[in-house]
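Note sheet for the following structure.
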Amino acid sequence: MNLEVDRGRLFNEIEKLALISDAEPPAVTRVVFSPTDGKARVWFIGLCEQAGLAVRHDPVGNTFARWSGTEPDVPAVGTGSHIDAIPNAGKYDGVVGVLGGLEAIRALQRSGFRPKHSLELLLFTSEEPTRFGIGCLGSRLLSGSMPADAARKLVDKEGASLEEVRRNAGFAGALEEVKLSHGYLKAFVELHIEQGPLLERHRVPIGIVTSIAAPASFRFAVEGAGGHAGAMLMPERRDALCAASELILAIETAAKASGAVDTVATVGICDVFPGAVNSIPSRVRFTLDLRDTSLERRDAVLRVIQAAREDISAKRQVVIQEELVNADAPAQCATEITEALSRACTKHQLASIPMVSRAYHDSLFMSRIVPAGMLFIPCRHGYSHRPDEYSSPEDIERGVLVLAETLAALAS
Ligand code: HGY
Ligand code: MN
Ligand code: MN
C-alpha cells in the first residue's frame, strides 16, 4: 500500500479553517454553536462530501463522516477530534485530528486500500468547556458518561440553555438519541498535538499515549461584605477578593505539595463583584481546573483544598460555596491500539515514545465504550491554547501517515 499524505492540501485546509474565527489572526476563537462554529462545520462537511463520505450528525451536533467498508454492517473504526477553540487559541488543537483524520482517509482512498470495516471520521461537539463549563460534552453524551437530563440543565453565561442553543444551531432531536449503540465502533484513534514540550525536547516525531489524566473542575463562590473603600476600616472588613485570593494561593500550594509533578491546578476565571475601584468586593466567583494522572492523588489534593476553604471561611467570616462541575477518572489507552500505532511507526521508520496525556480529549470518554488510543505530534515549545501554537507541516504529515496506517490495520 503506497500511502502518501498531501501535505500542501492539508496545510491549506488548516490555514483556511483558522480564518473561520472570531479572533484576529493568528489567534483563533471558535465557540461551540456560535455562527462561526456553524460556518466551520458547513465548510468541513463540504470537504467530507468532496471525499465521498456519507455525513450525518446527532442531536448535539456530533458529526460523523463515513467511508463505507466492504462489510458495512460490522462495527466501524473511528477517528476524529474537535474544531471548537477556546478564546485566543491556536489553529492546531483538535483541528489536526479532524482535518488530519480526513486526509488520512483520503490518502487511504488514493492508495487503493479498501476497508472491510467502515472508517468513520468524528467531529465532536464542544470538546472545550468555554460555553457550557464542561469539557467533552459531545463525547460524554456519545459514551453515556453524562445523562441526557444533566446535559439539559446546562446553560451558558448569558443564561441560554444547551437545548435552545443547539436547536437554534440546527441540531434537533432528543439528547437520549446521542448515546452510541453497543458495537457501533470496534476501535477509536485520535491524532492530536501534544500540547506539551516532551516530543520536541526528545526530538521524537510520534508520541503513543498510554493514559489520559483525570480532569476535575469546580466553581467557587465567595460571599463577603461590600462597602466603601475609604470609609470601611480594615478590622471591619469581610473582603471577598482577599478571601478568594488566599484560597487560590492555597490551591496552588496544595498542587505543588502533592508529592508528584503530575498534579496541576488552574484558576482560569475569576469574576469580582461589584468590580468598582472604590468598592470592597462583596462577591467573587472563580473556577478551578484540577488534574492528575492519579485519581487518588487528585482527590487527596482536593481534600486539602476543601480544608483550606473551611479555614479561610471561618477566619475571614465569609461564606465559600463549592460546586462540582466534573470529576472524571483517568483513561488507560487500549493495548491493541497502542500496539497498532507502534507497528505503524515501525513500518514507516518513525521513532515513538509512550507518554501520558495531561490534557483531556474526547478519547478519554470514547475509551469508556470502545478500545481507544491517541497519537501525539510535537508542537513548538509545547505551546497550546495560545495564538503561537504551532505544529510543522512535516510533523503533521508524519502524524497523518501513522494514523492512516493504523486505521488501515484496524479496518482490515
Ligand atoms: O483542557 C483540555 O485539556 C483540553 O484541551 N480541552
Ligand atoms: Mn484544547
Ligand atoms: Mn484538544
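Every number for a ligand or one of its atoms is a count from 1 in the order of the listing.
Of all protein N/O/S atoms, those under 2.8 Å from the Mn ion (ligand 3) are His82 NE2, Asp93 OD1, His192 NE2, and waters are not counted.
Between Arg368 and Arg140 there is no side-chain heavy-atom pair separated by less than 4.5 Å.
Applying the side-chain hydrogen bond (donor to acceptor under 3.5 Å, both in side chains) rule to pairs touching residues 146-155 yields Asp149-Arg152, Arg152-Glu176, sequence neighbours excluded. Contacts classified as ring-ring contact (aromatic ring centres under 6.0 Å, His included) and involving residues 119-138 (residues at least two apart or in different chains) are given here: Phe124-Phe188.
Judged by the 6.0 Å and 45° rule, Arg66 forms a cation-pi pair with Tyr184. Figure legend: cation-pi geometry between Arg386 and Tyr383, with NZ or CZ positioned under 6.0 Å from the six-membered ring centre and within 45° of its axis. For the pair Arg283 and Phe273, the cation sits on the ring face: its NZ or CZ lies under 6.0 Å from the ring centre, inside 45° of the axis.
Ligand 1 lies under 4.0 Å from heavy atoms of Glu127, Glu128, Gln195, Arg291, Ala359, Tyr360, His385.
Put simply, the side chain of Glu164 never gets that close to the backbone of Asn168: no donor and acceptor are under 3.5 Å apart.
Rounded to the nearest 0.5 angstrom, Ile193 CD1 and Ser384 OG are separated by 4.0 Å.
At a cut-off of 3.5 Å, with distance as the only test, a side-chain donor of Thr36 or Asp22 sits close to an acceptor on the other residue.
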